[in-house]
S.K.: 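Take a look at this one; I'll ask things after.
What's counted below: heavy atoms across the whole structure, side chains too, no hydrogens, waters or symmetry copies. Quick caveat, the model's predicted, so the values are computed rather than measured.
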Amino acid sequence: MSQQQMNNNTSSSNIPVSERYWTLVDKADKKFSKIRDLPYYERNRYDTYFYKVFKVYTQLWKFQQENRQKLVEAGLKRWEIGEIASRIGQLYYGQYMRTSEASYLSEAYIFYEAILTREYFREGSFQDFNLANKQLRFLARFLMVCLVLNRREMVHQLVNQLKMLVDECKRTFQDTDFKEWKLVVQEIVRFLKADTTFMNIRPLRYSLVLDLHPDVLPHVAAPVARKNLRLRDAVLSSYHHNEVKFSELTLDTFRMLQCLEWEPSGSFYLSAGGKSGQNGALGSSPINHSQDIADPTLPPNPRKAVLYRPSLTYFIAVLATICEELPPDGVLLVYLSASGGTTGHTLSLSGSGTGINTAENITRDFQSHTIHSDGTSTSSMSSPSNSPNPSASQKKGDCISYHTGCLQFGNRGSGGLNCIYPSDLIPFTRRPLFVIIESDASEVFKAISGAEKGERAALLLSPNCSFPIGSSDASRHSVGSLFTIFLTAPLQAFCLLLGISGSDIEMDTYKHAESLLSSSLNDWGLKLATSDNVDPVWAQILGDPFLRRFLLRFIFCRAVLTLFVQTYNKEEFHPECMPALPDAVSPRTSASQTAVVQLAKLFHATKRFVFTEAIPLPDHINSGTRS
């Protein structure tokens, strides 16, 4: 060791432990504040910076562990230790949002669970208003991690703790209005009421237990599939008035987010009770986190950018960045769920807008992945003179739709800043796009087909009119959008269409139905792969398990809604795709009708559908539960 290094070590040892600790805290805080505001949608630009910030927090955590007694004697509080662990959890969650690597999400869970178990923020929280707020924000962050990780037991535990803490804070700090936190509680309770156990009987993620392994997907002939593309990135965005959401994650985008990930090995089916975690630094955990490790032979999760109420300029900036970084064999999925821009006077959000805006502000504050929009309007609805000029005004069957040819991603009154038109997507068709539109204005996005700038886009378009699955059409978004449910949980969508809830179904019947549906989906997949006239746009994505699954579920959705009595021969209730699929998978073929009638027979609902010919049923379709 050189003389200079020895002098430096001697000098460092002369500095009090507490001073060295607070120097590290200050350094870590400055780096954290910078990375917290960085966008999540850029592929690799901020990876190096993340590792630098994480390195500082690792040093800080290790230092306080090794010098805990001296630091406590110098005045270190338990909540300050919890604050470090919380920051590390936020770093892990933030890196998960950037990369979609499930291991980061599991690490965030480990740190947050340790904070909860050791009650770092609890001591003195009812004497200190700021400490009480820290505990509330911690619970909200942990709730988000558990939602995405699908730890439902922990979610319900945290919701109960959040409710009790808010009530206790109201009693203790009577001079403070906790209305914002009451709204946060209402949001998560409403979210869980919509995203029921029935909706999660099987994982939304791609499960090798239930879905085909990528290695055994049917091979598509080379002349038909000119390319073999893979889903690399996805942009997910949803906005509907009064839709179900928690923080900036709406129910629709949550389901799509889940559906675009691999199910961690064994985590959904194996019991984790009583097993300890792997992170020795923070102590044991009742969850076996080894179950969260994905199969290393599988490709990585597609990266996802979740945008909440994006302005047009922000949306285009995200698309441009992702397209610029998209690998040569990559596909970008764009999922947009929103109402069409309407003309004329419409109901204002102002009646409940104050509460909504306040809740959004506070949830944005506790979420480290705040989306910065440079044009989101919070003004009330505009008059016709301030609205975009209408380009479509139509009446279709039982559904009336007056829209301006765009999707509305925010309050009206700010011109086109909150509107996304088909023409906004066309410049990005220089790269392969897989576009899913859930909207009453979905048909206007047909304009993309034929106007591409290099690569033909694949389009899955929802019906312009959605069949009500709640008590009234006003409750359309109380359980999420029907088309999105068909794409993410098709059997549950089928049951909801028939008015069947989870309490009406025995598990044996559900498993039987799941097996029948899986067989039908695989049959359609084989038909597409072996078809001589499947369009190359579809052929080139059939090797990707995520996109293939969306396409096959779309075929099922189209068949069901085409044959359903109340939507039969009403095209406005039927989804569409572009380019067209082969006739072999059309709704009125014998194979498609057989797929629907098998399920309808199982649920004693054959009279709810119109079958154009006598469909022979296998002998084993003879049991079920009455609706």
S.K.: Rounded to the nearest 0.5 Å, how far does CG of Leu319 lie from CG of Leu326?
M.R.: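 Between atom CG of Leu326 and atom CG of Leu319 there are 11.0 Å.
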S.K.: Give the minimum heavy-atom separation between Gln258 and Val148, together with the two atoms involved.
M.R.: NE2-O, 2.6 Å
S.K.: Within a strict 4.5 Å, meaning less than it, do heavy atoms of the Val334 and Phe428 side chains meet?
M.R.: no
S.K.: Does Ile420 reach the side chain of Gln408, with side-chain heavy atoms less than 4.5 Å apart?
M.R.: no
S.K.: Drop me the distance from Leu312's CG to Asn418's CG, to the nearest 0.5 angstrom.
M.R.: 9.0 Å
S.K.: What distance do Leu162 atom CG and Cys169 atom SG have between them, rounded to the nearest 0.5 Å?
M.R.: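 If we round to the nearest 0.5 Å, Leu162:CG and Cys169:SG are 9.5 Å apart.
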S.K.: Donor-acceptor pair, distance only, cut-off 3.5 Å: does the side chain of Thr253 make one with the backbone of Ser238?
M.R.: no
S.K.: With side chain to side chain contact (heavy atoms under 4.5 Å, CB included) as the test, would you mind laying out the steps for Phe315 and Val235 before giving the verdict?
M.R.: CA-CA 9 Å; Phe315 175 73; Val235 175; 4.1 Å; yes
S.K.: Less than 6.0 Å separating the ring centroids of Phe573 and Phe564?
M.R.: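 No, too far apart.
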S.K.: Write down the atom of Arg608, the atom of Leu498, and the distance for their closest heavy-atom approach.
M.R.: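 Looks like NH1-O, 3.4 Å.
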S.K.: Please find out if less than 6.0 Å separates the ring center of Phe609 from that of Phe494.
M.R.: yes
S.K.: About how many Å separate OG of Ser339 and CG of Leu407, when rounded to the nearest 0.5 Å?
M.R.: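 Going from CG on Leu407 over to OG on Ser339, the span is 9.0 Å.
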S.K.: With distance as the sole test, does Glu101 use its side chain to make a donor-acceptor pair with the main-chain N or O of Pro300 at under 3.5 Å?
M.R.: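 Looks like no, no N/O pair under 3.5 Å.
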S.K.: Taking Ala317's backbone N and O only, do any of them form a donor-acceptor pair with Thr321's side chain (distance below 3.5 Å, no angle check)?
M.R.: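 Yes.
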S.K.: Counting only N and O atoms by type, is there a donor-acceptor contact under 3.5 Å from the side chain of Asp440 to the main-chain atoms of Gly340?
M.R.: yes
S.K.: With a 3.5 Å distance limit and no angle check, can you tell me whether Glu576 reaches the backbone of Pro463 through a side-chain donor-acceptor pair?
M.R.: no
S.K.: Does the Arg255 side chain pair with the main chain of Ile485, one donor and one acceptor, at a distance under 3.5 Å?
M.R.: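 Judged by distance alone, no pair lies under 3.5 Å.
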S.K.: Taking only residues two or more places apart in sequence or in another chain, which ones pass side-chain contact (heavy atoms from CB on, under 4.5 Å) with Met578?
M.R.: Lys446, Ser449, Leu459
S.K.: Is the side chain of Arg190 donor-acceptor paired with the backbone N or O of Phe246 at a distance under 3.5 Å, no angle test?
M.R.: no
S.K.: Between Leu210 and Ser518, is there a side-chain heavy-atom distance shorter than 4.5 Å?
M.R.: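 They are not in contact (no side-chain heavy atoms under 4.5 Å apart), so the answer is no.
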S.K.: Take Glu443 and Glu572 through the side chain to side chain contact (heavy atoms under 4.5 Å, CB included) test and state the conclusion after the steps.
M.R.: CA-CA 9 Å; Glu443 69 172 0; Glu572 64 273 21; over 6 Å; no
S.K.: Could you tell me the separation between the CE atom of Met154 and the CD atom of Gln161, rounded to the nearest 0.5 Å?
M.R.: 8.5 Å
S.K.: Mind running side chain to side chain contact (heavy atoms under 4.5 Å, CB included) on Leu183 and Gln186 for me, showing each step along the way?
M.R.: CA-CA 5 Å; Leu183 291 170; Gln186 290 171 10; 3.4 Å; yes
S.K.: Using the side-chain hydrogen bond (donor to acceptor under 3.5 Å, both in side chains) rule, pick out the option among Lys304, Arg303, Gln95 that qualifies with Ser100.
M.R.: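 The option that passes is Lys304.
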S.K.: Kindly give the heavy-atom pair with the smallest separation between Asp252 and Ser481, and that separation in Å.
M.R.: OD2-OG, 2.7 Å
S.K.: Take the angle between the ring planes of Phe142 and Tyr112 and call it parallel below 30°, perpendicular above 60°, tilted in between.
M.R.: tilted
S.K.: With a distance cut-off below 6.0 Å to the six-membered ring centre and an angular limit of 45° from the axis, does Arg151 pair with Tyr109 as a cation-pi contact?
M.R.: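 Arg151 over Tyr109 ring: yes.
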S.K.: If you take all heavy atoms of Ile201 and Met507, which pair is closest and at what distance?
M.R.: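 Looking at all heavy atoms of both residues, the closest pair is CG2-CE, 4.0 Å.
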S.K.: How about Tyr335 and Thr484: does a side-chain donor come under 3.5 Å of a side-chain acceptor?
M.R.: yes
S.K.: Would you call the rings of Phe191 and Phe254 parallel, tilted or perpendicular if under 30° counts as parallel and over 60° as perpendicular?
M.R.: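 Phe191 vs Phe254 ring planes: perpendicular.
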S.K.: Pro214: what forms a side-chain contact (heavy atoms from CB on, under 4.5 Å) with it, not counting sequence neighbours?
M.R.: Leu208, Trp262, Leu298, Pro545
S.K.: Please determine if Arg202 and Asp211 form a salt bridge, counting it only when a charged side-chain N lies under 4.0 Å from a carboxylate O.
M.R.: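 The answer is yes: the pair qualifies as a salt bridge.
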S.K.: With a 4.5 Å heavy-atom cut-off, do Leu143 and Ser247 have their side chains touching?
M.R.: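 Counting from C-beta outward, Leu143 and Ser247 never come under 4.5 Å.
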S.K.: Please examine the side chains of Arg549 and Leu521, heavy atoms only from C-beta on, and report whether any two atoms are closer than 4.5 Å.
M.R.: no
S.K.: Between Ser442 and Phe483, is any pair of side-chain heavy atoms under 4.5 Å apart?
M.R.: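 Sidechains of Phe483 and Ser442: no contact.
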S.K.: Kindly assign one of parallel, tilted or perpendicular to the pair Tyr92 and Phe111, based on the angle between their ring planes and the thresholds 30° and 60°.
M.R.: tilted
S.K.: Indicate the atoms forming the closest heavy-atom contact of Leu136 with Leu165, along with that distance.
M.R.: CD2-CD2, 3.4 Å
S.K.: With a 3.5 Å distance limit and no angle check, can you tell me whether Asp195 reaches the backbone of Leu251 through a side-chain donor-acceptor pair?
M.R.: no
S.K.: Please check if the side chain of Asn200 supplies one atom and the backbone of Thr196 the other of a donor-acceptor pair under 3.5 Å.
M.R.: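 Yes; judged by distance alone, with no hydrogens or angles, the pair exists.
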S.K.: With side chains defined as the heavy atoms from C-beta onward, is the minimum distance between Cys577 and Arg558 less than 4.5 Å?
M.R.: yes
S.K.: Less than 4.5 Å apart, any side-chain heavy atom of Val166 and any of Val184?
M.R.: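 Answer no - side chains too far apart.
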S.K.: Go through the side-chain N and O atoms of Glu243 and Tyr239 and say whether any donor and acceptor fall under 3.5 Å apart.
M.R.: no
S.K.: Go through the structure and list residues passing side-chain contact (heavy atoms from CB on, under 4.5 Å) with Pro302, not counting sequence neighbours.
M.R.: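 Checked Pro302 against side-chain contact (heavy atoms from CB on, under 4.5 Å); matches are Leu231, Phe546.
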S.K.: Any chance you could lay out the side chain to side chain contact (heavy atoms under 4.5 Å, CB included) test for Asp167 and Phe178, step after step, and finish with the verdict?
M.R.: CA-CA 9 Å; Asp167 290 340; Phe178 280 86; over 6 Å; no
S.K.: Determine yes or no for a side-chain-to-main-chain donor-acceptor pair under 3.5 angstrom, with Thr488 supplying the side chain and Cys259 the backbone.
M.R.: no
S.K.: Looking only at heavy atoms, what is the nearest atom pair of Ala489 and Arg553, with distance?
M.R.: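 For Ala489 versus Arg553, the nearest heavy atoms are N-NH1, 4.4 Å.
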S.K.: To the nearest 0.5 Å, how far apart are CG in Leu491 and CZ in Phe486?
M.R.: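 So the CG of Leu491 and the CZ of Phe486 are separated by 9.5 Å.
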